[in-house]
There are 2 protein chains.
Amino acid sequence: MVKISELEQVKKCSGTYVLAVNDTLNVIHGKWKLPIIGSLHFGKKRFKELAREIPKITPRMLSKELKDLEVNGIVTRTVHGTIPVTVEYELTKSGESFNDVLDVMVKWGLQHRKNFMGKR
Amino acid sequence: MVKISELEQVKKCSGTYVLAVNDTLNVIHGKWKLPIIGSLHFGKKRFKELAREIPKITPRMLSKELKDLEVNGIVTRTVHGTIPVTVEYELTKSGESFNDVLDVMVKWGLQHRKNFMGKR
DNA sequence: TATACCGGTATACTTTAGTATAGTGATTAC
DNA sequence: GTAATCACTATACTAAAGTATACCGGTATA
């Protein structure tokens with residue numbers, strides 16, 4: 001668990017702060033990462049399943065983004081030695097907890113819409 | 001205030017959910033918006049002050065990003081009729097509350113680093 | 001008169017992100 | 001034998017984001 005006191009500490013140290021924000025931005029970055037994470041939030045999926053569920057994504061992008069997410073510890077890739085091979089992608093613990101970030105983003109987005117619309 | 005119950009409602013309606021996330025992504029989007037918001041969090045600033053405080057930003061980008069932030073209701077731009085004119089940029093209420101989002105991003109980033117480093 | 005500050009804009013360029021399209025080898029279904 | 005599925009990869013392209021450089025009119029300072 002990250003405690004409040006720790007957050008306060010970090011906010012005093014811009015280096016760590018910036019690192020932590022960047023880690024989070026990396027997950028968000030690009031057109032397809034959030035759709036992929038969203039889709040995987042309903043359970044593990046195979047490559048083609050993801051491709052079908054995410055409209056308009058090309059295999060090139062899906063492959064690239066999954067690799068990014070994998071090296072950054074957001075998803076795991078499991079190859080099953082079946083014939084033909086099946087490959088399953090699943091959210092890690094971090095990947096799942098990313099929902100907390102999304103929740104706050106939604107909350108802020110809603111509040112912002114209210115503030116903003118009120119002003120015109 | 002956005003209430004928990006409202007968040008639950010929204011999570012059932014993908015349309016609103018996606019809109020709200022997108023509103024938030026728009027604020028984050030691009031290389032310079034977070035530095036600008038961060039800088040303005042310490043108080044209102046003039047154009048050149050921002051340019052000096054944010055290393056390597058060009059006037060073109062600063063101008064463009066400030067416009068984006070303004071039309072999206074994150075900063076206000078105030079022209080004072082002094083001679084020569086001074087222009088001040090300041091965070092709106094929404095702009096200030098964006099810190100809540102950043103806090104959660106930092107928290108997640110820290111936790112993720114812990115999870116991730118533990119795994120190797 | 002020359003220089004610098006203010007708040008930018010204009011133009012051209014490079015770099016990065018994303019798209020389009022085709023193809024791989026192994027396997028199974030008709 | 002032909003076509004389709006699986007999980008991708010390769011190549012070439014377009015579009016978007018960001019950079020570099022120069023410049024604007026107005027004012028103040030030396």
Side-chain angles (χ1 to χ4, degrees), chain A residues 18 21-40 42-72 74-91, chain B residues 18 21-40 42-72 74-91:
Chain A
V18 170
V21 174
N22 273 345
D23 283 354
T24 311
L25 287 180
N26 274 338
V27 176
I28 290 171
H29 187 249
K31 190 175 174 182
W32 301 109
K33 294 212 179 68
L34 288 186
I36 291 170
I37 291 171
S39 179
L40 287 178
F42 294 95
K44 56 174 92 163
K45 300 265 167 67
R46 296 169 62 179
F47 189 88
K48 283 279 174 181
E49 286 182 285
L50 286 168
R52 271 190 296 267
E53 282 187 19
I54 301 168
K56 305 245 174 191
I57 198 169
T58 58
R60 185 189 194 275
M61 286 313 285
L62 182 54
S63 170
K64 190 188 151 291
E65 300 290 64
L66 282 171
K67 251 173 218 155
D68 277 14
L69 291 169
E70 198 195 349
V71 303
N72 286 316
I74 312 301
V75 309
T76 53
R77 177 176 183 273
T78 317
V79 182
H80 299 284
T82 54
I83 287 171
V85 283
T86 55
V87 181
E88 279 186 331
Y89 294 92
E90 189 171 9
L91 290 180
Chain B
V18 170
V21 173
N22 272 345
D23 283 353
T24 310
L25 288 180
N26 274 338
V27 175
I28 289 171
H29 188 249
K31 191 175 173 181
W32 300 109
K33 294 213 179 64
L34 288 186
I36 291 171
I37 291 171
S39 179
L40 287 177
F42 293 94
K44 55 173 93 164
K45 300 265 166 69
R46 297 168 63 180
F47 188 88
K48 284 280 174 179
E49 287 182 284
L50 286 167
R52 270 190 297 267
E53 282 186 18
I54 300 167
K56 306 244 174 192
I57 197 169
T58 59
R60 184 189 195 277
M61 287 312 285
L62 182 54
S63 170
K64 189 188 152 290
E65 299 289 65
L66 282 170
K67 252 174 217 154
D68 277 14
L69 291 169
E70 197 196 348
V71 303
N72 286 316
I74 313 299
V75 309
T76 54
R77 179 177 182 273
T78 317
V79 181
H80 299 284
T82 55
I83 288 172
V85 283
T86 55
V87 181
E88 280 186 330
Y89 294 91
E90 190 172 8
L91 289 180

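Scope of the values below: all heavy atoms of this structure, side chains included, with no hydrogens, waters or symmetry mates.
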Does B:His29 offer a backbone N or O that forms a donor-acceptor pair with the side chain of B:Lys33 under 3.5 Å? yes
Tell me: NE2 of B:His29 to C1' of D:dA17, nearest whole Å? 8 Å
B:Tyr89 vs B:Ile36, side-chain contact (heavy atoms from CB on, under 4.5 Å): CA-CA, chis, key distance, verdict: CA-CA 10 Å; B:Tyr89 294 91; B:Ile36 291 171; over 6 Å; no
The first and last nucleotides of DNA chain C lying within contact of chain B, meaning any atom under 4.0 Å from one of its heavy atoms, run from C:dC6 to C:dA12
Can you find a pair of side-chain heavy atoms, one from A:Leu69 and one from A:Leu91, that are under 4.5 Å apart? no
Neighbours of DNA chain D within residues 49-66 of chain B, by heavy-atom distance under 4.0 Å: B:Arg60, B:Met61
When rounded to whole Å, the NZ to P distance for the pair B:Lys67 and D:dG18 reads 16 Å
Can you check whether A:Leu50 reaches A:Leu40 side chain to side chain, under 4.5 Å on heavy atoms? yes
Establish, with yes or no, whether the OP1 or OP2 oxygen of D:dT19 is under 4.0 angstrom from a side-chain nitrogen or oxygen of B:Lys31. yes
Would you indicate whether the side-chain heavy atoms of B:Trp32 and B:Lys56 approach each other to under 4.5 Å? yes
Are any of the side-chain heavy atoms of A:Lys67 and A:Lys64 separated by less than 4.5 Å? no
Verdict with reasoning, B:Leu25 to A:Leu34, per side-chain contact (heavy atoms from CB on, under 4.5 Å): CA-CA 11 Å; B:Leu25 288 180; A:Leu34 288 186; 3.7 Å; yes
B:Val27/B:Asn72 under side-chain contact (heavy atoms from CB on, under 4.5 Å): CA gap, chis, key distance, verdict: CA-CA 8 Å; B:Val27 175; B:Asn72 286 316; 5.7 Å; no
